[in-house]
Structures are given as C-alpha cells and as structure tokens.
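What follows is a short report on a single structure.
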Amino acid sequence: MTLTTPAEAPARDGRRRALGLRADVRNLSLLGVLAALVAVGGLTRPAEFLAGSNLQLVLTQASVIGVVTVGMTFVITSGGIDLSVGAIVALASVWATTLATQEFGFAGILFTAVAVGLGCGLVNGVLVAYGGMVPFIATLAMLASARGLALQITDGRTQIVTVPSVLDLGVPDAYVLGIPPLVLVFAAVTAAGWLLLNRTTFGRRTLAVGGNPEAARLAGIDVRRQRLLLYLLSGLCCGIAAFLLIVLAGSGQNTNGNLYELDAIAAAIIGGTLLSGGRGTIVGSVLGVLVFTTITNIFALNNLQSDVQQIAKGAIIVAAVLVQRRTVRDGEA
C-alpha cells in the first residue's frame, strides 16, 4: 500500500477539493439542464406541462427508476455493474402480485417484493464476491433467469392487484400536502442513500473498493463482504421499486422494469458517478433521473416519436461521458 508523505498531502487534498468543486459545478449544470427542459416544456405545452397533475406525474414516474438508480450508484461506485435490476423489478412485482401473495394483504405484497429483491441481490453478490465471476456476466445471467422466471409465473398474463390498501396509495386522497406517497418514499431512499455514501464507514469503504480494491484489502477492508453487501443493497432498492411500480400500475407484469438497467446506469453516469468506480454522487444520480424523466414527459406531451427521444438520451449520455473523462484527466494532472 502506498503511503502519502507530508509533502504529497497538500497536493492530494488540493486534487480532492478540485474534484469536489467540479462535482458542485456538474450538479449546478444538471440543474441548469433541468431548468432548460422545464422552460421548453412550458413554452411548447404550457397548459399541460405546467399543470400540477403533470408535475406530480413526472415526480411519480421518476420515483420508481430513481430508487433503482440509488442502488445502482452504490454498485458502480464500487467498480461493479448490475445489469439485472430491471429483471429483478419484474420478478419481484409478479411474485408479489400472485393470488397466493395477495391473500396476505398489504404486508404480504410489500414483504414479498423486498424479499425477492434481496434474494436476487444475494445471488448476484455471492457470484461476484465469492464466486469470482465478472459482474457483467453474473448480472447478465440473473437478468435472463429473472425474466424467464417472471414469465413462467405469469404465463404472459397481467396480474391485477385487488388489495385496496395498496391501490389507495396511488389515489390523490393519499397525497401528503399534494405530494404522492411514492415521491415521499423516493425522497426517503435518496436521503438514506446520501447519508450512507457520504457520512458512514460503509460509504467510505465503497469508495475505497471502487478506487483501488487491492489497497482497500491491505487497509483491512473485507472487499468480498463489501461487494456482497452492495449487491444486497441494489436488490433491496429493486424490491422497493417493484412495490412502488405495483402501486403505480395496480398490477404485476413480466415486462415490468424493461430497460431499467440502462436508464439507471445512464442517470448515474450523467450525474457524475465514475463507471470505473471510486467516485459516486447520489444527488447527481437523482438529477440525472429527473432530466431523463422530464425529457420523456416533454416528448409524450408533444406527440414526438420515441426513437427521437432515445437519440436525445444517447447524445446526453455520450456528452456526459466525455465531460467525465476530461474531469478525471484534470483531477489526475
């Protein structure tokens, strides 16, 4: 393990302060992009876009993928990847909406969704941390398996939720000061994720493992255990997101969570999380989710084709990665 000499410490601290400043600038830039999108929506479809119901819809839709993105941010920060999050959301949502599960009411649906998410996260973690599998391969296998099991459970049919206490969370009467319960859950998960990453030993270990796994091991960190816990955390977020999706859609389908993995990775990257690991930002990831959700909403209101929307998202991702690479080079200079 490399030791830092007193002469090197000021330079190291200076690089950290510079990276912190760039993170603040990046978040402000994302806020500027979000403000510009709001202006575009307000100019093109003012009556529809600026309506309170539409803004509630944007935040509600952002909540599901946002919770998934919080978990993904931790995994990517550690130098890993999770391609199975969308499939885990699908499997958790259909398992939690079977007739047998719905007999146990609200608690049964919530418990099952979270348990399935944790179970899938445990399998991913064991394969990556203790099985020595490359995260890309392990989570790709989980993606295929979870999608197949979700299809087998539903037999291709939509499973309608009939539990009133679950459905009631999605109606306006359940809103708190005009805020949907799903948005409140998203806010709570975001706050917990920020505290966990920035104010706890767990977060520092995650950054250390992502920055240099061997140095982290020599410093006394159990790298394998840390990676296992990170995939468990990702699975937990998927289970929570599955429950939110059940409330939002009022059903469970094997097609739920389609391409969530790509959306979550993209949101984390444009938010400033390094794909190579060692740096992550919950605030940036959430802003990335809001940017993509707002783009989708604007395109839908203006009846624009989805292929143009995907092109716009792709361009944003490429631009974010290029800016990220330049930031890393400047930080190492």
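This is a predicted model, so every value here is computed, not measured.
- Considering every non-hydrogen atom in both Gly271 and Thr281, the closest pair reads O-CG2, 3.1 Å.
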Fill in: Worked verdict on Thr101 versus Thr98 for side chain to side chain donor-acceptor pair (under 3.5 Å)
CA-CA 5 Å; Thr101 303; Thr98 60; 2.8 Å; yes
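- Gln56 places a side-chain N or O within donor-acceptor distance of the main-chain N or O of Gly178, the cut-off being under 3.5 Å.
- Contact of the Glu261 side chain with the Leu140 side chain is not registered, since no non-hydrogen atoms from C-beta on lie closer than 4.5 Å.
- If you check the side chains of Asn256 and Ser93, you find a donor sitting under 3.5 Å from an acceptor.
- Closest of all the heavy-atom pairs between Cys120 and Met142 is O-CE, 3.6 Å.
- Note on Ile109 and Ile153: separate hydrophobic clusters, where clusters join Ile, Leu, Val, Met, Phe, Trp and Tyr whose side-chain heavy atoms are under 4.5 Å apart, directly or indirectly.
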Worksheet item: Are Tyr260 and Val64 close enough, and set up right, to give a side chain to side chain contact (heavy atoms under 4.5 Å, CB included), and what steps lead you there?
Response: CA-CA 9 Å; Tyr260 272 19; Val64 180; 3.6 Å; yes
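- To the nearest 0.5 Å, atoms CG (Leu229) and CG (Leu236) are separated by 12.0 Å.
- One finds the CG atom of Asn198 at 10.5 Å from the CZ atom of Arg204 (value rounded to the nearest 0.5 Å).
- Expressed to the nearest 0.5 Å, how far OG1 of Thr112 lies from CZ of Phe104 amounts to 8.5 Å.
- Leu197 and Tyr231 are assigned to two separate hydrophobic clusters, defined by single-linkage of ILVMFWY side chains at heavy-atom distances under 4.5 Å.
- The aromatic ring centres of Phe243 and Phe111 sit 6.0 Å or more apart.
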Practice prompt. Evaluate side chain to side chain donor-acceptor pair (under 3.5 Å) for Arg157 paired with Thr154, printing each intermediate quantity in order.
Written response: CA-CA 5 Å; Arg157 300 186 180 93; Thr154 62; over 6 Å; no
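- In this structure, CZ on Phe136 lies 12.0 Å from CG on Asp82, to the nearest 0.5 angstrom.
- If you take CG on Leu274 and CD1 on Ile76, they are separated by 10.0 Å, rounding to the nearest 0.5 Å.
- Closest approach of Thr77 and Thr273 over heavy atoms only: OG1-CG2, 3.7 Å.
- In the hydrophobic clustering of this structure, Val283 groups with Leu34; members are Ile, Leu, Val, Met, Phe, Trp, Tyr whose side-chain heavy atoms approach within less than 4.5 Å, directly or through other members.
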Discussion item. Before you tell me yes or no, could you show the steps for Thr162 and Gln102 under side chain to side chain donor-acceptor pair (under 3.5 Å), namely the whole-Å CA-CA distance, both residues' side-chain angles and the distance that decides it to 0.1 Å?
Written reply: CA-CA 8 Å; Thr162 58; Gln102 292 193 50; 3.1 Å; yes
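- Taking all atoms of both residues into account, the shortest heavy-atom contact from Leu244 to Ser63 is CD1-O, 4.2 Å.
- The closest donor-acceptor contact from the side chain of Gln159 to the backbone of Val94 lies under 3.5 Å.
- A 4.5 Å side-chain heavy-atom check between Leu149 and Gln152 finds at least one atom pair inside the cut-off.
- Of the possible polar contacts, one joining the Thr139 side chain to the Leu83 backbone as a donor-acceptor pair under 3.5 Å is found.
- Val209 and Ile81 fall into different hydrophobic clusters, defined by Ile, Leu, Val, Met, Phe, Trp and Tyr side-chain heavy atoms under 4.5 Å apart, directly or through other members.
- We find the CG-CE distance between Asn124 and Met133 to be 9.5 Å, quoted to the nearest 0.5 Å.
- Of the residues Thr296, Asn297, Val183, the one that meets the side-chain contact (heavy atoms from CB on, under 4.5 Å) test with Val58 is Asn297.
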Worksheet item: Taking it one step at a time, do Val161 and Leu167 satisfy side chain to side chain contact (heavy atoms under 4.5 Å, CB included)?
Response: CA-CA 8 Å; Val161 176; Leu167 298 175; 4.1 Å; yes
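- The closest donor-acceptor contact from the side chain of Gln226 to the backbone of Ala208 lies at 3.5 Å or more, if one exists at all.
- Minimum heavy-atom separation, Pro46 to Thr44: CD-C, 3.6 Å.
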Discussion item. Run the side chain to side chain contact (heavy atoms under 4.5 Å, CB included) test on Thr69 and Val286 for me, step by step, so that the C-alpha distance in whole Å, both residues' side-chain angles and the decisive distance to 0.1 Å come before the verdict.
Written reply: CA-CA 8 Å; Thr69 302; Val286 170; over 6 Å; no
Worksheet entry | Test log, rule side chain to side chain contact (heavy atoms under 4.5 Å, CB included), inputs Ile298 and Asn302 | CA-CA 6 Å; Ile298 292 174; Asn302 287 277; 3.5 Å; yes
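- Test Ser285, Ser78, Ser234 against Thr73 for side-chain hydrogen bond (donor to acceptor under 3.5 Å, both in side chains) and you get one pass: Ser285.
- Of the possible polar contacts, none joining the Asn254 side chain to the Leu151 backbone as a donor-acceptor pair under 3.5 Å is found.
- Looking at Val70, Leu196, Val75, Thr206 one by one, the single match for side-chain contact (heavy atoms from CB on, under 4.5 Å) with Leu233 turns out to be Leu196.
- Around the OH atom of Tyr130, the shell of radius 6.0 Å holds more than 12 heavy atoms that belong to other residues, nucleotides or ligands.
- Scanning all heavy atoms of the two residues, the minimum distance from Met72 to Ile265 falls at CE-CG1, 3.7 Å.
- Side-chain contact between Phe49 and Thr294 is present, with heavy atoms from C-beta onward closer than 4.5 Å.
- Residues Ile179 and Ile240 share a hydrophobic cluster, clusters being chains of Ile/Leu/Val/Met/Phe/Trp/Tyr side chains in contact below 4.5 Å.
- Ile295 has its side chain within reach of Val291: a pair of non-hydrogen atoms, C-beta onward, lies under 4.5 Å apart.
- Thr200 contributes a side-chain N or O that, together with a main-chain N or O of Gly203, makes up a donor-acceptor pair within less than 3.5 Å.
- Formation of a donor-acceptor pair under 3.5 Å by the Arg217 side chain with backbone atoms of Val223 is not found in this model.
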